[in-house]
Asks: 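Just dropping this structure here.
Owing to the predicted nature of the structure, the values given are computational and were not obtained by experimental measurement. In what follows, residues are counted from 1 in the order of the sequence shown.
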Amino acid sequence: MQNHPTLSDIDDNALLVAEELFNLPERKNKAGEVEPARRGILPVSRSTFYAGIAAGLYPKPIRLSKQKRAWRAGDIKAFIASQSQVEGV
């Protein structure tokens with residue numbers, strides 16, 4: 001699995017798109033080439049991530065266009081920190 005830069009390396013005001021946040025399985029692209037699985041910043045799948053947003057567990061996105069959304073890196077960092085405190089880590 002490919003890895004993204006660590007969250008601590010990213011500026012708090014940077015915008016992260018969904019594909020950077022959750023895990024993506026290996027899949028074929030439009031050209032029929034196999035794209036390797038990718039590990040996101042959060043250890044969840046796409047469906048779990050969006051269900052978590054709907055349930056109020058994850059930060060709400062910023063709408064960039066009709067189909068594109070992004071999250072501030074600072075919001076994701078704060079979410080991870082809050083989960084670490086809840087779990088006692």
Side-chain angles (χ1 to χ4, degrees):
M1 253 187 204
Q2 294 177 349
N3 294 315
H4 290 283
T6 62
L7 196 53
S8 61
D9 295 335
I10 301 172
D11 183 84
D12 284 352
N13 293 316
L15 295 177
L16 303 169
V17 294
E19 292 78 14
E20 294 174 304
L21 296 177
F22 52 73
N23 295 331
L24 293 174
E26 181 178 280
R27 62 184 179 178
K28 287 188 178 181
N29 62 22
K30 291 180 182 179
E33 300 164 337
V34 176
E35 294 181 356
R38 291 187 289 163
R39 178 165 291 145
I41 293 169
L42 301 172
V44 296
S45 68
R46 177 191 308 254
S47 59
T48 300
F49 183 72
Y50 283 110
I53 292 169
L57 299 174
Y58 296 124
K60 293 189 182 222
I62 299 164
R63 183 172 278 199
L64 301 177
S65 69
K66 185 176 180 180
Q67 296 182 340
K68 195 70 160 177
R69 289 161 182 74
W71 289 257
R72 285 188 179 88
D75 294 343
I76 298 300
K77 289 177 185 180
F79 166 74
I80 292 171
S82 72
Q83 295 304 298
S84 296
Q85 291 172 356
V86 168
E87 296 174 7
V89 176

Asks: Of the non-hydrogen atoms in Gly40 and Asn23, which two are nearest, and what is the gap between them?
Replies: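 Smallest interatomic distance, heavy atoms only, reads N-OD1, 2.8 Å.
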
Asks: Could you name each residue pair satisfying salt bridge (charged side-chain N to carboxylate O under 4.0 Å, His left out) that touches residues 45-65, not counting sequence neighbours?
Replies: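 Residue pairs passing salt bridge (charged side-chain N to carboxylate O under 4.0 Å, His left out), neighbours aside: none found.
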
Asks: With Ser45, which residues qualify under side chain to side chain donor-acceptor pair (under 3.5 Å), at least two apart?
Replies: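 Side chain to side chain donor-acceptor pair (under 3.5 Å) check on Ser45 returns Ser47, Thr48.
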
Asks: How far does CD1 of Ile80 sit from CG of Asp75, to the nearest 0.5 angstrom?
Replies: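 Separation between the atoms: 11.5 Å.
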
Asks: For Asp12, enumerate each residue passing the side chain to side chain donor-acceptor pair (under 3.5 Å) test, keeping only those at least two apart in sequence or located in another chain.
Replies: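 Applying side chain to side chain donor-acceptor pair (under 3.5 Å) to Asp12 gives Lys77.
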
Asks: Any side-chain heavy-atom pair from Ile41 and Trp71 closer than 4.5 angstrom?
Replies: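 A side-chain contact under 4.5 Å is absent here.
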
Asks: Which heavy atom of Leu42 sits nearest to which heavy atom of Phe49, and what is that distance?
Replies: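 Leu42 and Phe49 have their closest heavy atoms at CD1-CE1, 3.6 Å.
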
Asks: Can you tell me if CZ on Arg69 sees more than 12 non-hydrogen neighbours from other groups inside 6.0 Å?
Replies: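 Yes, CZ of Arg69 has more than 12 neighbouring heavy atoms, counting only those of other groups under 6.0 Å.
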
Asks: Tell me who clusters with Leu15, hydrophobic residues only, linked when side chains sit under 4.5 Å apart either directly or through other members.
Replies: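 Ile62, Leu64, all in the cluster of Leu15.
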
Asks: Identify the heavy atoms of Asp11 and Ala73 that sit nearest to each other, and give their distance.
Replies: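 In terms of heavy atoms, the two residues are closest at O-CB, 3.2 Å.
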
Asks: Would you please name every residue forming a side chain to side chain donor-acceptor pair (under 3.5 Å) with Ser65, sequence neighbours left out?
Replies: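 Ser65 satisfies side chain to side chain donor-acceptor pair (under 3.5 Å) with no other residue.
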
Asks: Which is it for Leu21 and Tyr58 under the side chain to side chain contact (heavy atoms under 4.5 Å, CB included) test, yes or no, and what are the steps along the way?
Replies: CA-CA 11 Å; Leu21 296 177; Tyr58 296 124; over 6 Å; no

Asks: Give the other cluster members for Leu57, using side-chain heavy-atom distances under 4.5 Å between Ile, Leu, Val, Met, Phe, Trp and Tyr residues; answer none if it is isolated.
Replies: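 Same cluster as Leu57: nobody, lone residue.
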
Asks: To the nearest 0.5 Å, what is the distance between CD on Glu35 and NZ on Lys28?
Replies: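 Going from the CD atom of Glu35 to the NZ atom of Lys28 covers 12.0 Å.
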
Asks: Could you report the tightest heavy-atom contact between Ile53 and Pro61, atom names first, then the distance?
Replies: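 Scanning both residues completely, I find the closest heavy atoms to be CG2-CD, 4.2 Å.
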
